[in-house]
Structure formats: C-alpha cells, structure tokens
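These notes are about the structure you will find just below.
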Amino acid sequence: MGRSIKNILITGGAGYIGSHMVRLLLEKGLKPVIFDNLSTGHKEFIPKGVPLVKGDLRNPGDIRKAFKKYSIDAVVHFAAVIVVPESVSAPLKYYENNVNATVNLLQGMNEAGVRTIVFSSSACVYGNPLKSPILENEPLKIENPYGATKVMVEQILGDMSRAGQINFIALRYFNVAGAHSAGGIGIKMDKPTHLIPNVMRVACGLKKELTLFGNDYSTKDGTCVRDYVHVVDLAEAHLLALKALSSGKVKNEVINLGNGRGFSVKQVIDAAVKVTGRPVPYKIVPRRPGDSVNVVASYQKARRLLGWVPKRGLDEILASAYQWEKSLYS
Ligand code: UDP
C-alpha cells in the first residue's frame, strides 16, 4: 500500500460486507474508521478499538464531523439500502439513501480534500443481461429504482473524476455470500430475501422448506443462474482497489467482481445438501417478478487491473454461510 493511504473511512462498516472489509484492514495493519447509522448495521460487528462515527449520510453535518475528527486518506462507500422490491414500492427512500447520501459524502470529501473512493456498485446495472459472461462495457439497463441509484452514482463519480475532483473505482458485485472463517460476522436480517441465507435457514431447521421461484427458465435445469462470490474475496478486491488508486496505476474504472462461474438455484441447493449434510426441501412456485435468467461475470478486468482472482468457490461459500447461520441460533 502506498504510504498515503492508512486511515480509511468505511461507510456501512457495521454491515455485512463493510464488517468484512474492516476485519481485512485490521489484519493488514491499516486503520479503519466506521461511519454507520446502525439502521441495518450491527454494533456487535465492530471490532474493539475501531472508532465508530454514528451518523447518517443524509445529514451533511454528520459526515462533515467525521472528516473533521479523523484525518482520512480514502473512503470505501458501502452504506446503502439494498432491497430491490422495496425500491419499487418506496423509491424515494432509495434515492435519498443511495444518491443524496452519496452526494453529501462526496461534498464532505471535497471539503476535506479527500480524493480517493471505492464504491459498491452492483451487477444490477446490467439489468437482465443477454450475454454471459458479462463484460464491463455491456450497455447499462435500469430495471428498478435500486439499479437506477447505482447507475446514477457511477455517473456522478465519473463526472467528478472528469472534473479532477476524485479518483474512484466502482466495483460491480455479483451475488455476494459466505462469511469470515473466524466467525462473528455475516448476513443478519430478519427476513432475508437472498437465496443462500434462505437455504441455510432451511438447513438449520429454522424454515421447513425453501421457496424456489420458477423452474421454467431457459437454463440447463430451468432455474435461474447466478455467479456467487465469497465476501472475503470481495473484501480483498476492495483492498487491491485502494492499493491501485494509491499507486496511481488505476483510476476511474468500473470493475466486475464475480467468480466467473454460474450455478443454478437447483445446483446451489444440491451443493448445500452435500456441504452441510442436512436436507434442504423446497417447493417450486411461480417466477419472482424482476428476476434475471442468467447473470455471470467476467472478472478478467479485475484480474488485469487489480491483480484480483477469486480464491473461494461455491462449497467454501456455502460451508462458511452454514457456520455463520448455525452460530446465530446457538
Ligand atoms: N431464489 C429462490 N428462493 C429464495 C431466494 C432466491 O428461488 O428464497 C432465487 C431467485 O429467484 C434467483 C436466485 O435465487 O433466481 C438468486 O436470488 P437472490 O435473491 O439470492 O439474488 P439476486 O440475483 O436476485 O440479487
């Protein structure tokens, strides 16, 4: 890491992915400062000794305070609301929390003279892609307000970089899952909507059966195909992105983060049965509105620009997700 990046502001650092980033930075001897309103983040995910600025990015004063109190070299911006169907029913919540809030953060960075930012974007910017694997130069397609917020922020970052105000890397996540092997952090939601947390709830006996949305898609077994990437691999990519920005070798890029392999819902269920040794009964119901058929990343750009390759496959993702889910109920 270039000597210039040491103190790193992690917005959403008490959340699922943010907390994995905080752990990784500590392991590398760097100094994370967490900014979180704890609306969906968890205080118990914050390691001892890591400062928390409890604030809301919708209040410009809160983020200004954080930059005044700490000498920050770079920002990793995870904080966001992330439930796609909710974004359809409550769009303003999404524009406020994901767009306005980011504008406030960028204004705070400007005032404080902080120029480096890594942003959590998403594969949803590609909409329901026709091609697979997906390259970063695919045309963007907005299919719901959540996706719109990610496209808008990428646009804002691009505009600011062209104005010479920031250097950014936007990382487009595919399906993030799994948990740190040491335990203590993972996905924690009252009503998870994602496949792997729901599969693990069934494996743990908390739910009788999984609801499988649609088996009449044009895929090998009729169920949707996704690219699952381990959250620790993802965190490592963010660290590499910070290094690339600090060295000046890479800037102002959008980069996919996925494993480059697609698994159908049925394949995920079968692998989960094998890995956990537990049954995962399921019932097939009609398609969930808005689901894409087949979403698989090309991660060649991440390899080329960041030197990142995903190290953890589906079995490791599922094993760690199971360990985490079990720990929630013991
Ligand atoms: N899925 C499912 N049952 C669930 C949750 C998800 O069948 O309880 C399916 C969903 O329809 C999609 C795939 O699993 O085809 C991945 O969904 P997820 O919500 O995990 O991620 P997305 O790609 O939609 O962001």
Side-chain angles (χ1 to χ4, degrees), residues 16-17 40 80-88 94 98 120-130 132-134 141-151 171-179 186-231 234 256-273 279-297 314 317-318 320-322 324-325:
Y16 168 49
I17 304 175
T40 53
V81 281
I82 60 161
V83 182
V84 172
E86 186 191 40
S87 80
V88 176
Y94 279 72
N98 294 2
S120 304
S121 189
S122 162
C124 75
V125 301
Y126 300 114
N128 189 349
L130 301 174
S132 159
I134 304 164
K141 229 162 57 202
I142 293 175
E143 293 200 340
N144 50 60
Y146 171 73
T149 67
K150 294 295 173 187
V151 171
L171 297 171
R172 294 177 175 164
Y173 309 163
F174 284 63
N175 290 57
V176 188
I187 281 198
K188 195 173 176 188
M189 287 171 103
D190 288 340
K191 286 190 188 134
T193 58
H194 290 119
L195 177 63
I196 289 180
N198 276 305
V199 165
M200 292 310 156
R201 283 186 168 208
V202 177
C204 286
L206 205 80
K207 269 178 65 168
K208 198 165 77 7
E209 59 188 7
L210 179 82
T211 307
L212 195 168
F213 298 113
N215 66 346
D216 56 350
Y217 287 96
S218 57
T219 59
K220 45 201 160 192
D221 60 22
T223 65
C224 292
V225 171
R226 294 289 182 275
D227 180 333
Y228 296 91
V229 55
H230 198 296
V231 65
L234 200 82
N256 288 342
L257 295 180
N259 256 319
R261 282 194 64 187
F263 292 94
S264 73
V265 175
K266 276 194 182 154
Q267 285 179 313
V268 170
I269 296 171
D270 289 346
V273 169
V280 180
Y282 60 87
K283 97 170 160 243
I284 295 163
V285 302
R287 295 180 178 194
R288 186 171 72 175
D291 272 342
S292 300
V293 182
N294 183 23
V295 189
V296 180
L314 183 65
I317 291 173
L318 293 169
S320 65
Y322 184 52
W324 162 250
E325 199 69 31

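Atoms within each ligand, like the ligands themselves, are counted from 1 in listed order.
No hydrogens or angles considered: nothing links the side chains of Glu86 and Tyr146 as a donor-acceptor pair under 3.5 Å.
In terms of modelled atom types and a separation under 3.5 Å, the side chain of Asp227 and the main chain of Gly258 share no donor-acceptor contact. Side chain of Asp291 to main chain of Phe213: no donor-acceptor pair is present (N/O by atom type, distance under 3.5 Å, no hydrogens or angles). In terms of modelled atom types and a separation under 3.5 Å, the side chain of Ser121 and the main chain of Arg172 share no donor-acceptor contact.
Within 6.0 Å of CZ on Arg261 lie no more than 12 heavy atoms contributed by other residues, nucleotides or ligands.
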Where does ligand 1 get N/O contacts under 3.5 Å from the protein, atom by atom?
unit_1	atom_1	unit_2	atom_2	d
ligand 1	3 (N)	Thr211	O	2.6
ligand 1	7 (O)	Thr211	O	3.4
ligand 1	7 (O)	Phe213	N	3.0
ligand 1	11 (O)	Asp291	OD2	2.5
ligand 1	17 (O)	Arg288	NH2	3.4
ligand 1	19 (O)	Arg288	NH2	2.8
ligand 1	20 (O)	Leu195	N	2.7
ligand 1	21 (O)	Asn175	ND2	3.1
ligand 1	23 (O)	Asn175	ND2	3.0
ligand 1	23 (O)	Arg226	NE	2.6
ligand 1	24 (O)	Arg288	NH2	3.0

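Using cut-offs of 30° and 60° for the angle between ring planes, the Phe174 and Tyr126 rings count as tilted.
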